[in-house]
Amino acid sequence: MQNRTNMTVHANEFMESHAKIPEIKFIKLFINGEFVDALSGKRFESIDPRTEEVIANIAEGDKEDIDLAVKAAREAFDLGPWPRLPGRERRRIMLKFADLIDENLEELAALDTIDAGKLYNMNKILDIPGAAETIRYFAGAADKIHGETLKMSRELQAYTLSEPVGVVGHIIPWNFPSTMFAMKVGPSLAAGCTVVVKPAEQTPLSALFYAHLAKRAGIPNGVLNVVTGYGHTAGAAITSHMDIDMVSFTGSTEVGRLVMQAAASSNLKPVSLELGGKSPFIVFDDVDVDKVADLALQGILFNKGEICVAGSRVFVQQGIYDKFIIKLAEKAKTWVVGDPFHPNVRQGPQVDKKQYEKILSYIDIGKKEGATLLYGGKPYDRKGYYIEPTIFVNVTDDMTIAKEEIFGPVMSVLKFKSVEEVIKRANGTKYGLAAGIMTDNLNTANTVSRSIRAGVVWINCYFAFDNDLPYGGYKMSGFGRDCGLESLHKYLQVKSVATPIYNSPWL
Ligand code: NAI
Ligand code: MG
């Protein structure tokens, strides 16, 4: 796939690659087990963020296509085998699906690279095998879904049944197209639901490939449908649909609010929202500065900062502040930006023009509001949406770059004195997705981790994800959890069944 070169890496030199673009096989909507054109016949362009060129014209689904997908999913749920199969059968088919993902690892990895500008090597070791593992994790749960026997206060026998919620609409973002697909589809299929997936318009390619693999694995027609298209059309049609029983959404807080409103004004479907973040990464005086500076940098530059749990507010205790920011700058210089197919590259292009411009405008605001630009801050003067790793220091809590989600390779460093102070400041945000705490002091770690209002707290690590680790937000970062058995349960509902123990005719 790649052309390996023996170039020496210099600070922020741009790394080229001459990788071959994979053939794009699936460009149509996947409804009821078939690839079909949009009813309108419309297509939209999928752009390669490395080159700004069109890589494919994808079927543009809209409301009427969503209607067809929902009809197929509804029938598959109400009448089809999937929810009625013994769990072990769903498990068997899902395990086959996971194996097929592994078998197509390189092609899937390349699709996410050309669609999202994600690192090819990272997709190969993390995103794609991770998606297969997520499907396996939930496959393993498919035959362990059960209710409880209840202890009644009268002569009644009662139990609960754990039943699938029905047809689920999944609206997913572009930053982790494969991970998100598996995190949403895995537990809902294991629960016995049928699904309509709308991938982000920036990254439709891998979802369509997954649909094809799902069919090959034996997932029955209508159970998994993928409708590509835009958010305000196809996405909105999902959220307001009267025949969709639940929506699981990951994306911006702004659209999360629309999703909830649409659910409220249609059939009151439950929603699960995983939204933005402005996560604190807190560094106490007692840490190994070299190691933690590395981790802090990863915390914001990984996936070019397009990750909702990015450690975008780095709070550094005053005793090590000066030393720490010197280390950050030194390390940022070794961070290689370039074509995401190149094996030495650590940061590819931002996903699209809109995101690229949004990030650059935040960098501008940071400078104007008086933060000190320690490193980077410029776009690369070339085709593609490449931006330098950027570090602002002497940032204060009131600055826009300390408050709003940038979703790019832009770190804000803030200085603090005491534990009490940093807890208050770390919590001083509308978001509550993640937090990092770096210290060897157990008391400090315990105190801070219990005081931070965030859905996931990492102590002396960051991005420590696991299929068994529930993941989601507090406050305006949303509610509902992906991963863990928690996420299986959100696609299940409880039915209580009661009957007299003796055949007595009383209520
Ligand atoms: P977005 O929230 O617009 O897009 C996410 C998904 O929602 C896409 O599939 C999109 O088509 C769909 N969508 C958009 N409008 C919709 C509507 N009215 N009804 C139903 N679905 C709709 O996010 P966007 O514009 O791509 O990115 C904007 C910002 O959102 C980013 O800069 C970042 O701050 C944040 N974001 C957060 C993510 C996370 O992982 N929590 C992922 C993506 C974006
Ligand atoms: Mg794209």
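Heavy-atom basis, side chains included; hydrogens, waters and symmetry copies ignored. Each residue takes its place number in the sequence, starting with 1.
- Under 4.0 Å is where a charged nitrogen must lie from a carboxylate oxygen, and between Glu420 and Lys424 no such pair does.
- Side-chain atoms of Asp398 and Thr396 include a donor-acceptor pair closer than 3.5 Å.
- Contact check for Ile135 versus Ile101: side-chain heavy atoms found under the 4.5 Å cut-off.
- Using a cutoff of 4.0 Å between basic side-chain nitrogens and carboxylate oxygens, Glu405 and Lys278 are not scored as salt-bridged.
- Side-chain contact, Ser46 with Asp115: a donor N or O sits under 3.5 Å from an acceptor N or O.
- When atom types are taken as modelled, the side chain of Asn427 and the backbone of Arg453 share a donor-acceptor pair closer than 3.5 angstrom.
- Residues passing the side-chain contact (heavy atoms from CB on, under 4.5 Å) test with Met476 are Thr253, Arg257, Lys430, sequence neighbours excluded.
- Separation of the Phe416 and Phe284 ring centroids falls under the 6.0 Å cut-off.
- A donor-acceptor distance shorter than 3.5 angstrom exists from the side chain of Arg481 to the backbone of Gly473, with no hydrogens or angles considered.
- Using modelled atom types, one finds a donor on one side chain and an acceptor on the other under 3.5 Å when comparing Tyr362 with Glu404.
- A salt bridge links Glu201 to Lys198: one of the charged nitrogens lies within less than 4.0 Å of a carboxylate oxygen.
- Ring-plane geometry between Tyr230 and Phe44 is classed as tilted, the angle between the planes lying from 30 to 60 degrees on a 0 to 90 degree scale.
- For the pair Lys415 and Tyr321, the cation-pi criterion (under 6.0 Å, within 45° of the ring axis) is fulfilled.
- Taking the charged nitrogens against the carboxylate oxygens, Lys323 and Asp290 have no contact shorter than 4.0 Å, which rules out a salt bridge.
- Ion pairing of Arg382 with Glu16 is present here, as a side-chain N (NZ or NE/NH1/NH2) and a carboxylate O approach within less than 4.0 Å.
- Distance alone, capped at 3.5 Å, is enough to place a donor-acceptor pair between the Asn303 side chain and the Asn175 backbone.
- Using a 4.5 Å heavy-atom cutoff, the side chains of Lys184 and Asp482 are in contact.
- Checked by atom type and distance alone, the side chain of Arg425 never pairs as donor or acceptor with a backbone atom of Asp397 at under 3.5 Å.
- Between Glu330 and Lys327 there is a salt bridge, since a side-chain N of the basic residue sits under 4.0 Å from a carboxylate O of the acidic one.
- A ring pair (Phe, Tyr, Trp, His ring centres under 6.0 Å) with Phe465 is found for exactly one of Tyr137, Tyr471, Phe176, namely Tyr471.
- Contact check on Glu486 versus Lys490 returns no salt bridge, with no Lys/Arg side-chain nitrogen under 4.0 Å from an Asp/Glu carboxylate oxygen.
- Residues Cys483 and Pro470 fail the side-chain proximity criterion, which asks for heavy atoms closer than 4.5 Å.
- Considering only heavy atoms from C-beta on, Ile172 comes within 4.5 Å of Val197 through its side chain.
- For the pair Glu306 and Pro173, the minimum side-chain heavy-atom distance is 4.5 Å or more.
- For Ser279 (side chain) and Ala435 (main-chain N/O), no donor-acceptor pair under 3.5 Å exists by modelled atom type.
- Residues Glu274 and Leu433 meet the side-chain proximity criterion, which asks for heavy atoms closer than 4.5 Å.
- In the displayed structure, Lys63 atom NZ is contacted under 6.0 Å by at most 12 heavy atoms of other residues, nucleotides or ligands.
- With ring centers used as reference points, Trp174 lies 6.0 Å or more from Phe181.
- Remark: the backbone N or O of Val410 is not paired with any side-chain donor or acceptor of Thr390 at under 3.5 angstrom.
- Between Glu52 and Lys353, none of the side-chain N atoms (NZ, or NE/NH1/NH2) sits under 4.0 Å from a carboxylate O, so this pair counts as no salt bridge.
- By the neighbour-count criterion of 12 heavy atoms within 6.0 Å, atom NZ of Lys475 is densely surrounded, having more than that number from other residues, nucleotides or ligands.
- There is a side-chain donor-acceptor pair under 3.5 Å between Asn123 and Thr113.
- In this structure, a donor-acceptor pair under 3.5 Å is present between the side chains of Thr372 and Asn394.
- One side chain, Thr400 or Glu369, offers a donor N or O that lies under 3.5 Å from an acceptor on the other.
- Proximity of Ile21 to Asp48: side-chain heavy atoms (C-beta onward) are separated by under 4.5 Å at one or more points.
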- Task: Output, in order, the C-alpha distance, side-chain angles, deciding distance and verdict of side chain to side chain contact (heavy atoms under 4.5 Å, CB included) for Val226 and Leu29.
- Result: CA-CA 6 Å; Val226 177; Leu29 316 178; over 6 Å; no
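- Between Lys118 and Asp112 there is no salt bridge, since no side-chain N of the basic residue sits under 4.0 Å from a carboxylate O of the acidic one.
- No close placement of the His342 and Phe14 rings is indicated, their centers lying 6.0 Å or farther apart.
- Side-chain atoms of Asp352 come within 3.5 Å of backbone N or O of Gln355 as a donor-acceptor pair.
- A heavy-atom distance below 4.5 Å is not found between the side chains of Thr444 and Asp286.
- Thr439 contributes no side-chain N or O that, together with a main-chain N or O of Ala445, makes up a donor-acceptor pair within less than 3.5 Å.
- A side-chain donor-acceptor contact under 3.5 Å links Gln347 to the backbone of Ile387.
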- Start with the C-alpha distance between Ile307 and Phe463, add both sets of side-chain angles, then the distance that settles side chain to side chain contact (heavy atoms under 4.5 Å, CB included), and finish with yes or no. CA-CA 10 Å; Ile307 179 163; Phe463 298 142; 3.7 Å; yes
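- Qualifying side-chain contact (heavy atoms from CB on, under 4.5 Å) partners for Phe281, counting only residues two or more places apart in sequence or in other chains: Val283, Val292, Leu295, Ala296, Val314, Met438, Tyr462.
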- Message: For Arg136 and Asp102: C-alpha separation, side-chain torsions, deciding distance, then whether salt bridge (Lys or Arg N to Asp or Glu O under 4.0 Å) applies.
- Response: CA-CA 11 Å; Arg136 281 190 192 100; Asp102 279 339; 2.7 Å; yes
- Just do the side chain to side chain contact (heavy atoms under 4.5 Å, CB included) check on Met411 and Val395 with the steps written out, would you? CA-CA 10 Å; Met411 179 193 283; Val395 177; over 6 Å; no
